[in-house]
Student: 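One structure, as structure tokens, below. Some questions next.
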Amino acid sequence: MAHAAPVSRTMTMPRRRPDVFGPRVHLAVKVGLPIVLGLTYGYWAAAIRRDAGPITGWNLLFGFVTALVFALVFAAVCALAPLLPRELHAVCWFVFSGCAVGFLYSQSGASVYSSSGLGLVVGAAVFAMVFYRYYTHEDAAGRRIG
């Protein structure tokens, strides 16, 4: 008569991925990522608006204000979106990414319709990606798996 082979406890319980970075690294990324992305976005927006002209004080002010707003909104989305259900989480990233891309495109002198259209297309792609990621990494109750 055949018997089932014994299974070790480690094979039946799901494994958690090890956290290879310490709390200081996580804190540095949590603070530094919005700053770095905001400065990059602000520089990019100011460079598009300048259109190969001279760098002026208003152009610098525009870049720094854009960087500040982007960094604050990005930090808010990163802090608040994980608290929402997966559908609203994806909608939050859809709105953020669509507005960010649409605003950048509008600085090139494009029409409102083409800026809005590009923002909607990019936002929809981000929505699909984020929704799929959280749909496949959460259980039915919305708790993260692993």
Student: Quick one: CZ on F64 to CG on N59, what's the gap to the nearest 0.5 Å?
Tutor: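 The CZ atom of F64 sits 10.5 Å away from the CG atom of N59.
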Student: Which residues pass the ring-ring contact (aromatic ring centres under 6.0 Å, His included) test with Y135, not counting sequence neighbours?
Tutor: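 With neighbours one apart ignored, the set is F131.
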Student: How long is the span from the CZ atom in R86 to the OG1 atom in T136, to the nearest 0.5 Å?
Tutor: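 R86 CZ to T136 OG1: 9.5 Å, rounded to 0.5 Å.
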Student: Determine, using the 4.5 Å side-chain heavy-atom cutoff (strictly less than), whether V69 and F62 are members of one ILVMFWY cluster.
Tutor: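 Yes, one cluster joins them.
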Student: Could you go through I48 and Y105, starting from their C-alpha distance and side-chain angles, then the distance that decides it, and tell me whether this counts as side-chain contact (heavy atoms from CB on, under 4.5 Å)?
Tutor: CA-CA 9 Å; I48 291 172; Y105 189 58; over 6 Å; no
Student: Please set out all donor-acceptor pairs under 3.5 angstrom arising from side-chain atoms of residues 115-123, sequence neighbours excluded.
Tutor:
{"from": "S115", "atom 1": "OG", "to": "S111", "atom 2": "O", "distance (Å)": "3.0"}
{"from": "S116", "atom 1": "OG", "to": "V112", "atom 2": "O", "distance (Å)": "2.8"}

Student: Look up atom OG1 in T56 and atom CZ in R50, then write down how far apart they are to the nearest 0.5 Å.
Tutor: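 Going from OG1 on T56 over to CZ on R50, the span is 9.0 Å.
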Student: What distance separates C78 SG from L33 CG, expressed to the nearest 0.5 Å?
Tutor: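 It comes to 6.5 Å.
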Student: Anything under 3.5 Å between a donor and an acceptor, one on a side chain of residues 88-97, the other on a protein residue two or more places apart or in another chain? List them.
Tutor:
{"from": "H89", "atom 1": "ND1", "to": "A81", "atom 2": "O", "distance (Å)": "3.3"}
{"from": "H89", "atom 1": "NE2", "to": "W93", "atom 2": "NE1", "distance (Å)": "3.3"}
{"from": "S97", "atom 1": "OG", "to": "W93", "atom 2": "O", "distance (Å)": "2.8"}
{"from": "S97", "atom 1": "OG", "to": "F94", "atom 2": "O", "distance (Å)": "3.4"}

Student: For L68, check side-chain contact (heavy atoms from CB on, under 4.5 Å) against everything at least two apart and list the hits.
Tutor: L72
Student: How far apart are the closest heavy atoms of V29 and P34, and which atoms are they?
Tutor: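 Minimum heavy-atom separation between V29 and P34: O-CD, 4.0 Å.
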Student: Quick one: do V126 and L84 end up in the same hydrophobic cluster if we chain Ile, Leu, Val, Met, Phe, Trp and Tyr together by side-chain heavy atoms under 4.5 Å apart?
Tutor: no
Student: Please round to the nearest 0.5 Å and tell me the distance separating atom CD1 of I55 and atom CG of L60.
Tutor: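 Reported to 0.5 Å precision, the distance equals 6.5 Å.
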Student: Under 4.5 Å between side-chain heavy atoms, hopping through other hydrophobics if needed: is there a path connecting L39 to V77?
Tutor: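 Looking at the clustering, V77 is in a separate group from L39.
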Student: What's the spacing between T66 OG1 and L104 CG if we round to 0.5 Å?
Tutor: 8.5 Å
Student: Quick check: is M129 connected to L37 through a chain of hydrophobic side chains (ILVMFWY, heavy atoms under 4.5 Å apart)?
Tutor: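 Both belong to a single hydrophobic cluster.
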Student: Enumerate the residue pairs fulfilling ring-ring contact (aromatic ring centres under 6.0 Å, His included) with a member in residues 25-61, sequence neighbours excluded, ordered by first and then second residue.
Tutor: Y41-F70
